[in-house]
Undergrad: 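Here you go, one structure.
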Protein chains: 2
Amino acid sequence: MALIVQKYGGTSVGSVERIQSVSERIISTQQQGHDVVVAVSAMAGETNRLMNLANQMSEVPEPRELDMLLSAGEQVSIALLALSLNQKGIKAISLTADQAGIYTNNRFNDATIEHIETDLITQWVDKGYIVIVAGFQGRDKNGNITTLGRGGSDTTAVALAAALNADECQIFTDVDGVYSSDPRFVPNTRRLKEISFSDMHLLAKSGAKVLQEHSVAHAWNSSVTLRVLSSFDDGEGTLICEQPVEGKGVIGLALKQDLLLIECNGFLEEELTELRKQYRVLIERCDCFQIVVPKAAFLQLKLAFSTKIRNISSLSILTLVGDKVEGMADSACNQLMANCVDIYQHSIEPKSLSVIVNQADLERAADILHKTFVITEQSQDNNLMIAVS
Amino acid sequence: MALIVQKYGGTSVGSVERIQSVSERIISTQQQGHDVVVAVSAMAGETNRLMNLANQMSEVPEPRELDMLLSAGEQVSIALLALSLNQKGIKAISLTADQAGIYTNNRFNDATIEHIETDLITQWVDKGYIVIVAGFQGRDKNGNITTLGRGGSDTTAVALAAALNADECQIFTDVDGVYSSDPRFVPNTRRLKEISFSDMHLLAKSGAKVLQEHSVAHAWNSSVTLRVLSSFDDGEGTLICEQPVEGKGVIGLALKQDLLLIECNGFLEEELTELRKQYRVLIERCDCFQIVVPKAAFLQLKLAFSTKIRNISSLSILTLVGDKVEGMADSACNQLMANCVDIYQHSIEPKSLSVIVNQADLERAADILHKTFVITEQSQDNNLMIAVS
């Protein structure tokens with residue numbers, strides 16, 4: 001008998017029918033003899049609906065009140081999931097993050113979990129209940145509701161697993177595991193059976209959306225075994241752990257889109273220092289200062305600096321992650337250039353190699369890098385054939 | 001400088017525009033030099049939407065989880081109202097009932113407020129904030145979220161006014177005061193400028209929907225001066241107080257609809273005893289036991305007793321409220337019968353006279369009773385003319 005923490009994202013609980021199906025999955029886990037604690041996101045679309053209401057009130061909503069608003073989304077989904085389980089004769093109780101004792105700092109809209117007082121959760125688990133906790137949210141020490149920022153339900157699940165000393169933290173989502181790249185843009189990607197915390201962290205940091213960066217870091221620090229699974233299919237998913245058996249070589253290609261190349265003119269030195277801290281600088285000459293910023297941040301910069309900034313083009317960053325990828329920079333850049341992909345910049349960090357290209361070249365560049373450098377089933381088969389021959 | 005508690009119902013906060021307009025009304029109260037604490041319902045339609053989701057999970061949703069679900073509705077409206085006020089440069093903070101210290105018993109779906117720990121509200125008021133509290137909800141001593149039942153936001157407002165020792169509790173709704181009868185069904189009704197707690201309580205208990213019965217009782221017990229006002233128009237509304245200056249004679253006619261006349265056959269004696277306790281008995285003979293039940297209760301009875309109960313007809317109850325109305329029973333019944341309205345039963349209590357008629361006769365009966373017995377502006381003018389002549 002193990003204690004399993006499961007997390008279900010917004011798509012997984014996006015309708016009454018899907019919530020019913022999630023409850024079947026939970027019951028099946030319980031029937032295998034496990035205790036189950038569940039972290040749940042708001043129903044798909046709900047956070048956006050609430051955000052839209054907030055924006056009708058204010059372009060930049062007051063952070064505390066925005067968290068009060070958004071946290072209502074998970075309150076709905078946890079209650080519905082508990083009702084569904086109750087209806088099937090299963091003992092289940094829903095808890096807001098406040099009730100569940102999830103304490104955060106008071107950085108509204110982007111709070112960090114500081115500790116979890118697990119007494120109440122443990123009491124209900126000991127009574128044989130499925131405990132359903134609102135993801136994405138917490139409370140500060142003054143009792144204000146906070147949220148962890150988008151994707152924060154992953155972090156809730158990992159923090160619960162760590163605090164409860166759970167045997168596994170299962171992240172149920174709309175894909176059946178972590179892939180070698182984003183299948184929506186890159187052909188012939190493969191599901192990874194296992195991946196190390198460090199590689200997963202690099203992928204998430206570089207744009208892979210399957211797991212939130214902070215949640216991977218938290219799991220890594222707390223040695224919480226993570227598994228990414230599909231809530232729509234059965235399957236073993238992807239195990240994220242300290243020492244995976246497989247996972248040598250270049251294991252993945254992460255894509256980061258919706259970036260803009262911005263030229264700054266007439267800035268004060270202290271303003272430039274601030275920009276350097278926050279954003280990647282591409283060109284820095286006395287007559288030209290160019291940085292790469294997310295589209296979302298551009299609007300705020302535009303409000304602050306008006307005509308002093310200018311949008312030049314849309315960019316994407318592609319990041320190869322894995323062993324010895326640092327030595328592949330020349331080869332990667334040559335391959336891209338040979339295929340007429342302009343490279344704005346490349347950069348190397350331990351186990352990662354990034355290139356910045358035009359957004360328009362994203363799919364072509366991704367295809368080239370993935371098929372050339374990332375271990376696919378194809379290349380594994382090839383290796384096998386070579387080994388055999 | 002006074003402390004005013006205001007309550008805004010679901011229609012008053014039913015859209016972004018209406019919330020904006022409510023915030024203007026609050027600001028105007030503050031600008032008159034008052035401190036303002038506000039209790040808010042869920043946006044119109046939201047509680048029904050959530051209830052509908054719950055019913056898709058379960059025909060009889062588990063009460064604790066239903067309260068977890070429904071209470072999300074007010075959390076949205078309080079946050080949006082706070083955002084609207086913040087955007088207009090006004091200091092405002094929203095509090096869930098839990099945060100506001102509203103303690104109830106643990107009768108989920110129909111909880112009673114036991115006490116309010118007002119420290120946090122008072123702290124924010126003292127700092128010059130508009131404090132916006134979620135209506136309709138509370139917390140039990142174990143930290144579970146409870147709800148007060150439909151219309152409970154009125155009760156929240158009254159309880160807050162009592163606990164904070166407020167100077168006035170203003171109930172903003174979609175009509176501009178308490179009327180002598182329901183203007184949707186009865187011609188020539190008039191708005192009452194004042195009404196006593198006891199008369200208002202009788203009207204609410206007898207079906208007048210403008211104020212919830214419990215909230216009137218609570219205000220009466222706590223001597224909280226109530227005022228019913230329109231959130232759409234300006235006007236002085238109706239003052240509900242201990243000793244109104246006007247309000248002698250028959251002041252109103254309350255209507256209670258959606259009742260069914262049910263015949264019960266083959267019931268056990270203890271079952272009949274139970275029915276007698278809960279419902280009004282019309283006929284009780286060895287061969288015939290007829291009771292009056294609300295439509296909503298009929299479904300449950302049908303589930304429990306199946307073919308042992310039978311729906312005979314749809315009924316309404318009309319109740320005249322006011323001084324010396326007890327002596328008008330004969331006259332009222334004669335008037336109705338002279339106009340071909342069948343009377344199933346009439347009953348007299350201190351300051352109230354009720355008649356049960358067919359639902360189909362409701363409007364005709366109401367018109368007759370209202371114009372004959374209730375003081376209208378017409379009859380006031382007549383009295384005046386008589387006095388003058």
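Per chain, numbering begins at 1; letters A, B, ... match sequence-line order.
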Undergrad: Listed by residue number, which members of residues 18-27 of chain A have a heavy atom under 4.5 Å from any heavy atom of chain B?
TA: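 Within residues 18-27 of chain A, the residues under 4.5 Å from chain B are A:Ile19, A:Gln20.
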Undergrad: Sort B:Ser77 into side chain, backbone, both or neither according to what part of it lies under 4.5 angstrom from a heavy atom of chain A.
TA: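 Answer is neither: B:Ser77 stays 4.5 Å or more from chain A.
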Undergrad: Return the CG to CG distance between B:Leu69 and A:Leu83, rounded to the nearest 0.5 Å.
TA: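 Going from CG on B:Leu69 over to CG on A:Leu83, the span is 6.5 Å.
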Undergrad: Check each atom of B:Asp67 against the heavy atoms of chain A and say whether the ones under 4.5 Å are side chain, backbone, both or neither.
TA: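 Looking at B:Asp67, nothing touches chain A.
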Undergrad: Can you tell me how far apart CD (A:Gln87) and CD (B:Gln56) are? Round to the nearest 0.5 Å.
TA: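 It is 12.5 Å, given to the nearest 0.5 Å.
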Undergrad: Check whether B:Ile132 gets within reach of chain A through its side chain, its backbone, both or neither, counting any heavy atom under 4.5 Å.
TA: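 Answer is neither: B:Ile132 stays 4.5 Å or more from chain A.
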Undergrad: Which residue out of B:Glu62, B:Arg64, B:Glu17, B:Glu59 racks up the most heavy-atom pairs below 4.5 Å with chain A?
TA: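 That would be B:Arg64.
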Undergrad: With a 4.5 angstrom heavy-atom cut-off, which part of B:Leu50 approaches chain A: side chain, backbone, both or neither?
TA: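 The answer is the side chain of B:Leu50.
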Undergrad: Surrounding CD of B:Gln278 (heavy atoms of other residues, nucleotides or ligands, distance under 6.0 Å), is the total greater than 12?
TA: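 Yes, enclosed.
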Undergrad: Relative to chain B, which segment of A:Ile93 carries a heavy atom at a distance below 4.5 Å: side chain, backbone, both, or neither?
TA: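 Looking at A:Ile93, backbone and side chain both touch chain B.
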Undergrad: Does atom NZ of A:Lys127 have more than 12 heavy-atom neighbours from other groups under 6.0 Å away?
TA: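 Counting other residues, nucleotides and ligands, NZ of A:Lys127 exceeds 12 neighbours.
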Undergrad: Examine whether an atom of A:Asp98 lies under 4.5 Å from a heavy atom of chain B, and if so say whether it belongs to the side chain, the backbone or both; otherwise answer neither.
TA: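 For A:Asp98, side-chain heavy atoms alone lie under 4.5 Å from chain B.
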Undergrad: Given that the side chain runs from C-beta out, which part of B:Arg139 has a heavy atom under 4.5 Å from chain A: side chain, backbone, both or neither?
TA: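 B:Arg139 has no heavy atom closer than 4.5 Å to chain A.
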Undergrad: Would you mind reporting whether A:Thr96 and B:Ile145 have side-chain heavy atoms less than 4.5 Å apart?
TA: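 Yes, side chains in contact.
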Undergrad: Is there a side-chain contact between A:Gln99 and B:Met68, using heavy atoms and a 4.5 Å cut-off?
TA: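 In contact.
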Undergrad: Are B:Asn86 and A:Glu65 side-chain neighbours, meaning at least one heavy-atom pair lies under 4.5 Å?
TA: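 A side-chain contact exists here, since the closest heavy-atom pair is under 4.5 Å.
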Undergrad: As an exercise: rank A:Gly143, A:Ser94, A:Ser58 by heavy-atom pairs under 4.5 Å with chain B and give me the winner.
TA: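 With the most close heavy-atom pairs to chain B, the winner is A:Ser94.
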Undergrad: Heavy-atom cut-off 4.5 Å, strictly under: side chain, backbone, both or neither for B:Leu95 against chain A?
TA: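 For B:Leu95, heavy atoms of backbone and side chain both lie under 4.5 Å from chain A.
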